[in-house]
Amino acid sequence: MAAVTTISLPGLTKIATGKVREMFVDEADKSSLLFVATDRISAYDVVLENGVPNKAAVLTQLTAYWFSVLTQPGALAGQTTPLSTHLLSLTPGPTALLSEAERAILRGRCMRVRRLKMFPVEAIVRGYLAGSAFAEYSTKGTVHGEPAGVADASANGSSTIRFPLGMVRCQKLPAPVYTPSTKAELGAHDENISRAQAAELIGNPAHAARIEELALAVYTAAAEHALKRGVIIADTKFEFGLDEETGEVVLADEVLTPDSSRFWVADQYEAGREQDSLDKQFLRDWLVREGLKGKEGVTMPADIVEQTSKRYTDVYERLTGQTLESALAKIE
Ligand code: ATP
Ligand code: MG
């Protein structure tokens, strides 16, 4: 299947375009959204000119897989209220406003979702000290502004050191930590913030506490699941929204995908050095080799596109234990 980098659905109203997704609403039913992934890919914060076949299907079907695993009874340790997600269906639903050709393009890459009021934070959870968190730790001795080596009193009265002193690059943290960031507008960078700052942005302390609790519980369950399949989820980013009708805090967006997470091969993991990411490393290495890192307007040659697509599909298959074709075959 050829890569699709823009989606045009003249019968619907496009309400937003992100780096990867486009969102549409049907004027007749504004309570739900058509959430559509494109095959666009970014590396070093720049979106490449051409897309990666099957990437949208991997992101969408992997998110759907996680939603199904994580909403099983008992999936989240310590949670009495089950996880609620934004997914309504993996098809566009019975709208008369889409042609057969448009439905064919949307197949596998779209979700009908509850339209939520998104909280303006990225709920990052880290199991390992990598990326911007390690950079801050090694230069300033803090992580998201929190000093390393200092005990942090948790809500249940116990006190733990979230970031011990003397950690090396990519080292496993004593326990997963919630380290939120701001949600920057398109083109700007997210900023790492403290939990107190995140709570302020969220506005309601009960919502802030629920987001932290769910983010940690979802990460912990997923990391355990992935490790059994040979994949380390080093860190990940969730987005939550408020269902204004029910007052529920809902897990939205994409979850635990290669675009929102750092995935490492467990049996190649070694603390103290950079790890290869399971999907984008190949593309990043090519960009660096060609002197194209961070440049705008780059088109990938066919073999790089093909290899990158293969890696995304491979991540899907490792994590879910099924082929992408078999998942796609189940969608009506
Ligand atoms: P990136 O993911 O690379 O940081 P991005 O988030 O700007 O970029 P996309 O992932 O392409 O871009 O777009 C998804 C957008 O949809 C995000 O702004 C997200 O907050 C929003 N969103 C996700 N789920 C819902 C929902 N159920 N209701 C309303 N908005 C949603
Ligand atoms: Mg996004």
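Order of listing sets the numbers, starting from 1, for every ligand and every atom in it. These numbers come from a predicted model, not from an experiment.
- Looking only at atom types and distance, the side chain of Thr257 has a donor-acceptor partner in the side chain of Glu254 under 3.5 Å away.
- Of the residues listed (Glu248, Glu244, Glu245), the one engaging Arg114 in a salt bridge (Lys or Arg N to Asp or Glu O under 4.0 Å) is Glu248, and it is the only one.
- At least one cation-pi condition fails for Lys14 and Phe24: the charged atom is not both under 6.0 angstrom from the six-membered ring centre and inside a 45 degree cone around its axis.
- Classification of the Trp264-Tyr269 ring pair by plane angle, with boundaries at 30° and 60°, yields parallel.
- For atom 10 (O) of ligand 1, the nearest non-hydrogen atom from the set Arg115, Lys19, Arg21, Lys237 comes from Arg21.
- In terms of N/O distances under 3.5 Å, ligand 1 is approached by Asp253.
- The shortest N/O to N/O separation between Ala252 and ligand 1 does not fall below 3.5 Å.
- A donor and an acceptor atom, one from each side chain of Glu27 and Thr13, are located under 3.5 Å apart.
- Remark: distances from the non-hydrogen atoms of Lys183 to ligand 1 include one below 4.0 Å.
- Contacts between Met23 and ligand 1, counted as non-hydrogen atom pairs separated by less than 4.0 Å, involve the side chain only.
- Atom CD of Glu290 has more than 12 heavy atoms from other residues, nucleotides or ligands within 6.0 Å.
- Which of Arg40, Met118, Glu239 comes nearest to atom 6 (O) of ligand 1 through a heavy atom is settled by distance: it is Glu239.
- Counting only N and O atoms by type, the side chains of Thr142 and Glu136 include a donor and acceptor under 3.5 Å apart.
- For ligand 1, the atoms sitting less than 4.0 Å from at least one non-hydrogen atom of Val20 are 11 (O), numbered in the order shown with element in parentheses.
- Distances between N or O atoms of Leu116 and those of ligand 1 include at least one value under 3.5 Å.
- When non-hydrogen atoms are compared, ligand 1 lies under 4.0 Å from the side chain of Leu33 (C-beta onward) but not from its backbone.
- Proximity of Val113 to ligand 1, defined as any heavy-atom pair under 4.0 Å, is confined to the side chain (atoms from C-beta onward).
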